[in-house]
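Remember, it's 1-based here, ligands and their atoms both numbered in the order they're listed.
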Amino acid sequence: MGEQKKIYCPYDCPTVCGLTAEISNGRVVSVRADQDHPVSSRTICRKMQHYEESIYSEKRILTPLRRTGKKGEGRFEPISWEAAVKEITDRFKEIIASDGPEAIWPWTYSGVMSVIQRNCGDAFFGKIGASQAVKSLCSPAKGAAYTSVAGTTGCLDPRELKDSDFYIIWGSNLAATRLQTLADLSGPAGRGKKKVLIDTYAGPTAAHCDAFIPIKAGTDGALALAMMHVLEAEDLTDRAFMQAHTEGYEAFRKTLTVYSPEWAENETGVPAETIRQLARDYAAARAPAIILGSGNSRYRNGGMTVRLIIILSLFTGAWQVPGGGLCGCTPFGTAYVDKKPVQRPDFRVNPARILNLSQTASALAMTGKDAVRALYVYGANPANTTSNQEGVIKGLEREDLFTVVHERFMTETALYADIILPAAFSVEQADIFEAYGYCTLASAPAAVPVYGEGKSNWETFRLLAEAMGFEEPYFKQTEEALRLDLIDQVPGLSDSDRAVLKAGGAVSMPFSDHLKGKTPDGRFLLTDEKLAEPMPRYIRLPDEADLPLRLVAAPSVWTLNSEFRDLEKMVRGRGEQALIMSPEDAGARGIKDGQKVVVYNELARVVFKARVREQTAPGTVVAEGIYRRDDTEGGKTFNALLREYLSDLGKGTTMCDNRVEVSAL
Ligand SMILES: Nc1nc2c(c(=O)[nH]1)N[C@H]1C(S)=C(S)[C@@H](COP(=O)(O)OP(=O)(O)OC[C@H]3O[C@@H](n4cnc5c(=O)[nH]c(N)nc54)[C@H](O)[C@@H]3O)O[C@H]1N2
Ligand SMILES: Nc1nc2c(c(=O)[nH]1)N[C@H]1C(S)=C(S)[C@@H](COP(=O)(O)OP(=O)(O)OC[C@H]3O[C@@H](n4cnc5c(=O)[nH]c(N)nc54)[C@H](O)[C@@H]3O)O[C@H]1N2
Ligand code: SF4
Ligand SMILES: [Mo]
């Protein structure tokens, strides 16, 4: 047996599972669930069970590369780090001199979620004065809505769900994205307790639930309002709680009379009787928990929808009892680790413009003095994760755009780079990990030397800073020194927990106190004067009438955004890019299960394989996962169909809110 070291899953997943890596001759030879981990000791997902295969994959990029072919063609030659750093910083200096620093746009999102590697680019690009970004790819609408109602109050840690007696899983595919939570609900803690899933289609989580309610995409606000209508009409609201702990209840409840279950049936496709029963079951429970995913926030009305669901979670006073209330994400409300020592907002030399990642195609199409002249992509794959894929690729093809991609694999985006820098894997870099779905904190030093010539984000920015002539001591630190410093600064840790983190380990943090409303006056805000829509109400999505179906993005159990597509087993298990549709919608178009179909709107035509499934909400078509462009017909994936709309709150993605039509190929 080789040496054992604790490592952590670095990906954008709520758990940050702990793994034990077996290390032999400086290489990871296997990984398994860390038996000491406060959340994930039982199991880790199938995707991470052979992490070593990704780390030492023959597909991994091992040296810096310079483009020799046309953009997108994929022809590169190896170059040294010295040459790559010189070429990048020479170009940056030229562009700053000719067009100003805002012509440089760093593009990063969630490839690596750990504190140092995710955030360190901000210091470098702030010092340059580069353009900034609205980081909008995931769930800003959900975050903004939660903050509006609950401020920085924490919500339920999933470990508290053992005390709940009724579960509504609302727009979350637990079997893919919250495996540990699903294990709890399906195990002794959840046995005999009713679990209701509300989603647009019966994904893999449905089999674990007692009831499944298919709902038309983007209409959850109507369901929440109708449930509150029933609670009011049948005198099931905890009025004393609402009066004492919320702001705006009396005015809001008067608006509920129009939202009858019959009205909501028409909007949502959920039968009025089902809505009534759900509201009654919810009110009858002592400690009901709403487990809220991000799905229903990714709409032009997503912020409002989330506000309404959070308000519903307050209506019966559930937040007062253990296990009752809302299990969203970020149960600790705010973060444990102060990011400022990593991001260094004080380095920023200008109030640079802020471009939205969900509108990258438009940003790259700007010309003249607004043109983006250099794009620096790290920890992200914009050619396949944001809106208007064709538009993004058109931008990446521009000969006058200098593109650097810091990556581990030859992604769709890397194919368009002028310079590719090889990235390190999480086990090869030091960092701190805040789980966004649990109250846990973890940290680990680098466990093995870097394979090939890869470098961490931190090391890369250090080299670039040196070549730019930046003298700040910040850029001279090692990531390991910074890691230890940051751990020293975490407030409220015991000495022993601090020692565990420094040595490499995970600690449990206190659960949030849900009733200490951390809003300005300690009360939850039903009405919020700071918003364009202070009074919550139903906002019907606009109907692009000629395109009758709404296209929804869902996660795959086999992959995580662009991650794990290097593993053949995952790619095979997942199969072809597929479109899940209801028998009604398929029948009306003469489409049979397994047949090839083309999904189209004014942006693109994309080929999928039809999967006709019962219990898919009519009018809604769903596709799981992000596919490789070269595994699809015509190189177009789901994201080619996404318009650049933004959500009502948080300027976030609307990746579930796009009208399309489908026809047999
Ligand atoms: N295996 C795996 N794990 C992952 C990911 C992955 O891709 N694969 N992604 C990771 C990332 S980046 C994130 S942000 C988290 C997300 O995790 P969660 O926030 O928990 O959300 P998801 O599990 O993605 O589930 C979203 C669900 O919402 C549904 N949905 C869409 N529109 C609506 C609607 O209008 N109403 C309702 N009721 N449901 C709707 C979708 O069909 C989908 O099933 O998971 C992370 N974990
Ligand atoms: N169709 C569709 N589109 C989606 C989604 C969907 O479910 N369906 N999900 C959306 C959501 S919720 C999200 S969060 C976004 C995510 O979108 P992105 O943030 O673009 O994330 P990924 O696609 O996972 O790409 C991350 C890349 O970072 C690289 N990487 C990993 N670790 C490191 C590192 O330490 N350093 C560097 N430099 N690179 C690293 C990986 O190899 C990977 O190629 O996608 C969104 N887009
Ligand atoms: S991807 Fe999610 S479930 Fe899998 S190991 Fe990582 S944190 Fe755990
Ligand atoms: Mo995400």
Nearest protein heavy-atom contact for [atom]: which residue, which atom, what distance?
atom	result
atom 16 (C) of ligand 2	N561 ND2, 3.4 Å
atom 11 (C) of ligand 2	L137 O, 3.7 Å
atom 40 (C) of ligand 2	G379 CA, 3.8 Å
atom 6 (Fe) of ligand 3	C9 SG, 2.3 Å
atom 43 (C) of ligand 2	E407 OE2, 3.2 Å
atom 1 (N) of ligand 2	N639 OD1, 2.6 Å
atom 2 (Fe) of ligand 3	C13 SG, 2.4 Å
atom 23 (O) of ligand 2	S562 OG, 2.4 Å
atom 32 (N) of ligand 2	G111 O, 3.6 Å
atom 8 (Fe) of ligand 3	C17 SG, 2.3 Å
atom 47 (N) of ligand 2	T385 O, 2.9 Å

Heavy-atom contacts with [X] under 4.0 Å: which atoms of ligand 2 show up? List them by number with element.
X	result
T411	44 (O)
C138	12 (S), 14 (S)
F638	1 (N)
D12	14 (S)

Main-chain N/O of [Y] paired to [X] side chain as donor or acceptor, under 3.5 Å:
X	Y	value
D431	I116	yes
E434	Y336	yes
W170	I309	no
N119	Q343	no

Salt bridge or not for [X] and [Y], using N-O below 4.0 Å?
X	Y	result
E624	R613	no
R629	E412	no
D122	K339	no
D184	R42	yes

Winner among [options] once heavy atoms are compared against [atom]:
atom	options	value
atom 37 (C) of ligand 2	I116, N457, L421, V112	N457
atom 35 (O) of ligand 2	Q429, H406, M655	Q429
atom 4 (C) of ligand 2	L642, T108, I626	I626

Measure centre to centre between the rings of Y378 and F461, then say whether the value is under 6.0 Å.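 Ring centroids of Y378 and F461 are less than 6.0 Å from each other.
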Polar proximity ligand 2 side, [X] side, N/O cut 3.5 Å exclusive:
X	value
S110	yes
R298	no
R408	yes

N/O/S from C45 sitting under 2.8 Å away from atom 4 (Fe) of ligand 3: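 Checking atom 4 (Fe) of ligand 3 against C45, an N, O or S atom does fall under 2.8 Å.
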Answer with side chain, backbone, both or neither: which part of V16 has a heavy atom less than 4.0 angstrom from an atom of ligand 3?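 It is the backbone that gets close, since no side chain atom is under 4.0 Å.
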Checking side chain to side chain donor-acceptor pair (under 3.5 Å) between S456 and each of E479, H406, R462, which is the one that passes?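 One option only clears the test, and that one is E479.
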With heavy atoms of M48 as the reference, note each atom of ligand 3 found under 4.0 Å away.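 Under 4.0 Å from M48, ligand 3 has these atoms: 5 (S), 6 (Fe).
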So do W458 and L482 actually touch side chain to side chain, heavy atoms under 4.5 Å?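 Yes. Closest side-chain heavy atoms under 4.5 Å.
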Minimum heavy-atom separation for T637 and V606, please, with both atom names.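 Smallest heavy-atom distance, with atoms named: O-CG2, 3.7 Å.
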L185/I169 under side chain to side chain contact (heavy atoms under 4.5 Å, CB included): CA gap, chis, key distance, verdict: CA-CA 11 Å; L185 297 199; I169 302 157; 4.0 Å; yes
